[in-house]
Asker: 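Here's a structure for you.
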2 protein chains.
Amino acid sequence: MDEALRAVADPTRRAILVLVRDREVSAGDIARHFSDISRPAVSQHLRILVAAGLLDLRRAGNRRFYRLRPEGLAEAVTFLETMWSASLGRLKDAAERQERAHTGEDDMRGS
Amino acid sequence: MDEALRAVADPTRRAILVLVRDREVSAGDIARHFSDISRPAVSQHLRILVAAGLLDLRRAGNRRFYRLRPEGLAEAVTFLETMWSASLGRLKDAAERQERAHTGEDDMRGS
DNA sequence: AAAGTGTGTAAGATGTTGCTTAAATACTTA
DNA sequence: TAAGTATTTAAGCAACATCTTACACACTTT
């Protein structure tokens, strides 16, 4: 998870993920989308993403095709969702508190 | 989102988030959980988390109480889930391909 | 008001990241 | 096999992140 979250923390790498989400894209085509940084820079980002398990690589002749590997995000998604779900808990608590504040009203739900 | 994901990329900060997920915790109590790093280091992490919108701060007398602010994770969670959902798409595609491979079988589902 | 707690800020050392240019590798085509 | 195309690796550098120690601030208690 650590590696995946570190990888995803960089905006260029997030842009790459979006680019290869639905289809394979060659290293060159990916690099062409980033006019501001050099091809080697993109290549380094790709290496990091592959190492983090976030990208699948297929070598075909001259070229290398990258594609999102969503399973690599599993742990990161789980972690963030677990944290995120705390908001539901808080809303629920607030609702219960408010409900209890209505004096004399019975709570229909069990527990 | 960028700030939130960068904040979450650090393991110490993730540990802090877990610590304050369900309850308020004072800066000192948080720091006590990290025997390996100094109190000021923890304080700096707290500042980063607050700046990223991931922590709520309540000052009470001498102490400062921190608590998870799940809304701060909204964009990050959405992004990761969007990426993550690509796996569902892929499984669906694979299933359809396989189905089509069964010669002469009709596809019952529309589209 | 002085001393005691709890906490944050400043300054600086150290390690890490992300970029660039130059060179190397891998495969393809003439 | 020589030249061409696609891509990565190497080396070096500037910027940034994280830690530490020393200090400052804000409240509380005596």
Side-chain angles (χ1 to χ4, degrees), chain A residues 1-20 23-69 72 76 79, chain B residues 1-20 23-69 72 76 79:
Chain A
M1 173 177 63
D2 190 72
E3 229 178 338
L5 279 176
R6 271 214 318 271
V8 152
D10 182 273
T12 301
R13 288 195 285 267
R14 284 198 301 276
I16 291 176
L17 292 183
V18 171
L19 221 47
V20 302
R23 61 196 176 291
E24 273 189 341
V25 184
S26 73
D29 284 349
I30 293 172
R32 254 179 289 282
H33 275 83
F34 300 94
S35 48
D36 48 335
I37 65 176
S38 69
R39 192 158 32 238
V42 172
S43 181
Q44 284 162 19
H45 283 305
L46 290 171
R47 178 161 45 77
I48 288 168
L49 287 167
V50 169
L54 264 42
L55 250 47
D56 267 334
L57 166 59
R58 182 174 66 93
R59 310 166 71 137
N62 228 0
R63 280 173 282 185
R64 292 173 180 215
F65 291 93
Y66 292 90
R67 175 162 200 165
L68 181 64
R69 185 176 165 278
F79 173 80
Chain B
M1 173 179 62
D2 190 74
E3 229 178 336
L5 279 176
R6 273 213 316 272
V8 152
D10 182 272
T12 301
R13 287 195 287 265
R14 283 199 300 277
I16 291 176
L17 291 184
V18 170
L19 222 47
V20 302
R23 60 196 176 291
E24 274 189 338
V25 185
S26 73
D29 285 348
I30 293 172
R32 253 179 290 283
H33 275 83
F34 301 93
S35 48
D36 48 336
I37 64 176
S38 68
R39 192 159 33 238
V42 172
S43 182
Q44 285 162 18
H45 283 304
L46 290 171
R47 179 160 46 77
I48 288 168
L49 287 168
V50 170
L54 263 43
L55 250 48
D56 266 334
L57 167 60
R58 181 174 68 93
R59 308 167 69 140
N62 227 1
R63 283 174 278 185
R64 293 177 178 211
F65 291 94
Y66 292 90
R67 175 162 201 166
L68 181 63
R69 184 176 166 275
F79 172 81

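Order of the sequence lines fixes the chain letters, A, B, ..., with proteins taken first and strands second; residue numbering starts at 1 for each chain.
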Asker: Categorize A:F65 for me: base, sugar-phosphate, or nothing, with a 4.0 angstrom heavy-atom threshold over every strand shown.
Answerer: nothing

Asker: Any non-hydrogen side-chain atom of A:F79 less than 4.5 Å from a side-chain atom of B:R14?
Answerer: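 Result yes, sub-4.5 Å side-chain heavy-atom pair found.
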
Asker: Looking at B:R69 and B:G53, would you say the former's side chain and the latter's main chain have a donor-acceptor pair under 3.5 Å?
Answerer: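 A pair under 3.5 Å: yes.
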
Asker: Taking all atoms of both residues into account, what is the closest heavy-atom pair of A:L54 and A:G72, and its distance?
Answerer: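 Between these two residues, the closest heavy atoms are CD1-O, 3.5 Å.
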
Asker: Without decimals, in angstroms, what is the distance between B:R63 CZ and C:dT5 C1'?
Answerer: 9 Å

Asker: Answer yes or no: is there a side-chain heavy-atom contact under 4.5 Å between A:V25 and A:F65?
Answerer: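 No - every pair of side-chain heavy atoms lies 4.5 Å or more apart.
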
Asker: For nucleotides 17-30 of chain C, read 5' to 3', which letter fits each nucleotide if B means a protein heavy atom sits under 4.0 Å from the base, S means only the sugar-phosphate is that close, and - means neither?
Answerer: SSBBBB---BBS--

Asker: Quick one, A:E24 and A:R58 - any side-chain contact, counting heavy atoms below 4.5 Å?
Answerer: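 Yes, close enough: below the 4.5 Å cut-off.
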
Asker: Between A:Y66 and D:dT8, is there a contact of a side-chain N or O with OP1 or OP2 at under 4.0 Å?
Answerer: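 True: A:Y66 side-chain N/O within range (under 4.0 Å) of D:dT8 OP1/OP2.
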
Asker: Can you check whether B:V50 reaches B:Y66 side chain to side chain, under 4.5 Å on heavy atoms?
Answerer: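 The answer is yes, as the side chains (C-beta and beyond) meet within the 4.5 Å cut-off.
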
Asker: Roughly how many Å is it from CZ in B:R58 to P in D:dC27, rounded to a whole number?
Answerer: 14 Å

Asker: Respond yes when some side-chain nitrogen or oxygen of A:R47 is under 4.0 Å from OP1 or OP2 of D:dT9, and no when none is.
Answerer: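 Yes, within the criterion.
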
Asker: Tell me: CG of A:D2 to P of C:dT16, nearest whole Å?
Answerer: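 It is 13 Å, rounded to the nearest whole Å.
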
